[in-house]
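Position 1 is the first residue of the sequence, and the numbers go up from there. Values in this document were obtained by computation on a predicted structure and should not be read as measured data.
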Amino acid sequence: MKISAIFILVLAMLAGCKHDASGPAGPFRSYRMGFSAFPPRLDTTIFIPTLTLANQHSDAGLIQLSIPWTVLLSGIPADSEVRIVRLPLANYYRGSNHAVIVALDVTNGLDRSAEDPALVAAGRSITETAIQRMYREYVSAVDTILHPDYLSLAAEVNLIRLSAPAPVYAAVVAMTNAAAAEQQTLGTSSRLLVSVQVEVAWGRLQGGTTYVGIAQDRTDFPFLEALGLSSYPYLGGFAQPEDVPLDYYSRLVAGQLLPLLVLESGWPSVSVAGVTSSPAVQVRYIRQQALLLSQAHAAAVFQITFTDLDLVANPPPPGSGLPLFAYNGLVDTALIPKPALAPWDSVLALPYRP
């Protein structure tokens, strides 16, 4: 899942905050915790309040973005876009002692059978050599200017393989491998990865219960130094958070030394689009997820959305899947905390020991 990125013009510094004492207990956590900077609606006046509050409830920042194809196709150099639009946010996170993780998305985040809407509108495709070159240039600019701790080169690759035309998936494989090889030759300090969709890996998004795994992904993306995860268990038919098995993350890398980063996650706090839920169920999900993360000795966990999404101010197009993700925030659209924020903060308060 992705949301259009907001241009970042002004960023504020802030201090830490106190954490609620309730929630999952444990001696320490192995993983960083955070969110992206997406506000509840496309309103510049609420962007910094959202970022400031989210930063108080995290120790890592996720810069999750689509490749800015429209900008690149207009002739603006990749390094200019990264310095002007992305670098201020990376500097802000580092200024508050947060780890920085960048996750790039090369197809349609709400419909993995399709390419990025900006490319489609321009009549272009990632199957083109020129577009793949633009992608590699953008990856290089992100890596050399932002110096992220982890850099994900594509999102939900197993879902793309499952649902997109074969040439599109082949292009994702080719362009990410080429970009990884280039950055490794340049001596990148970032750990390179792609993300997989956990419900697909367990066979649940396909409507079954037979475990599939990620063997094909390991073959297609041999450069992996970590593995990103996208997980929304309610989309995989789990009615209750406690139904999610404790090895839900760890089984994907059983017997392999590969750090796991949950780059997308969440559970709605209301019933929506056929999913039955409540604030209490969302609380239980945060607690269950802490157990999954501990079992996997994960390296990081993120929710793309810290806030709910304001679908009244910014209604999605008909048929959009966005409502399924609109109520996963730990605060509402007015930035008022929901009950699930307390157990999140309880985990965050544990000593961090990687």
Going by distance alone, is a donor N or O of one side chain under 3.5 Å from an acceptor N or O of the other, for N55 and S96? yes
Set of residues satisfying side chain to side chain contact (heavy atoms under 4.5 Å, CB included) with respect to L246, sequence neighbours excluded: Q288, L291, L292
Which residues pass the ring-ring contact (aromatic ring centres under 6.0 Å, His included) test with Y31, sequence neighbours left out? none
Under the salt bridge (Lys or Arg N to Asp or Glu O under 4.0 Å) definition, can you give me all pairs with a residue in residues 313-339, not counting sequence neighbours? D308-K338
Can you list everything that forms a salt bridge (Lys or Arg N to Asp or Glu O under 4.0 Å) with D310? Sequence neighbours excluded, please. R41
Among residues at least two apart in sequence or on other chains, which ones pass side chain to side chain donor-acceptor pair (under 3.5 Å) with Y138? E81, R86
Sort and list the pairs that fulfil ring pair (Phe, Tyr, Trp, His ring centres under 6.0 Å) and have at least one residue in residues 183-204, not counting sequence neighbours. W202-Y211, W202-Y248
Not counting sequence neighbours, which residues clear side chain to side chain contact (heavy atoms under 4.5 Å, CB included) with A103? List them please. L62, Q64, S152, L263
For P165, all residues meeting side chain to side chain contact (heavy atoms under 4.5 Å, CB included), sequence neighbours excluded: P167, V168
Salt bridge (Lys or Arg N to Asp or Glu O under 4.0 Å) pairs, two or more places apart, involving residues 133-153: R136-E182
Which donor-acceptor pairs under 3.5 Å do the side chains of residues 218-228 make with protein atoms, sequence neighbours left out?
unit_1, atom_1, unit_2, atom_2, d
R218, NH1, Q256, OE1, 2.2
T219, OG1, A215, O, 3.2
D220, OD1, Q216, NE2, 2.9
D220, OD2, Y169, OH, 2.5
D220, OD2, Q216, NE2, 3.3
E225, OE1, L192, N, 2.9

Mind checking what makes salt bridge (Lys or Arg N to Asp or Glu O under 4.0 Å) contact with R161, not counting sequence neighbours? D217
I'd like to check the side chain to side chain contact (heavy atoms under 4.5 Å, CB included) partners of V212; sequence neighbours left out, ordered by chain and number. Q206
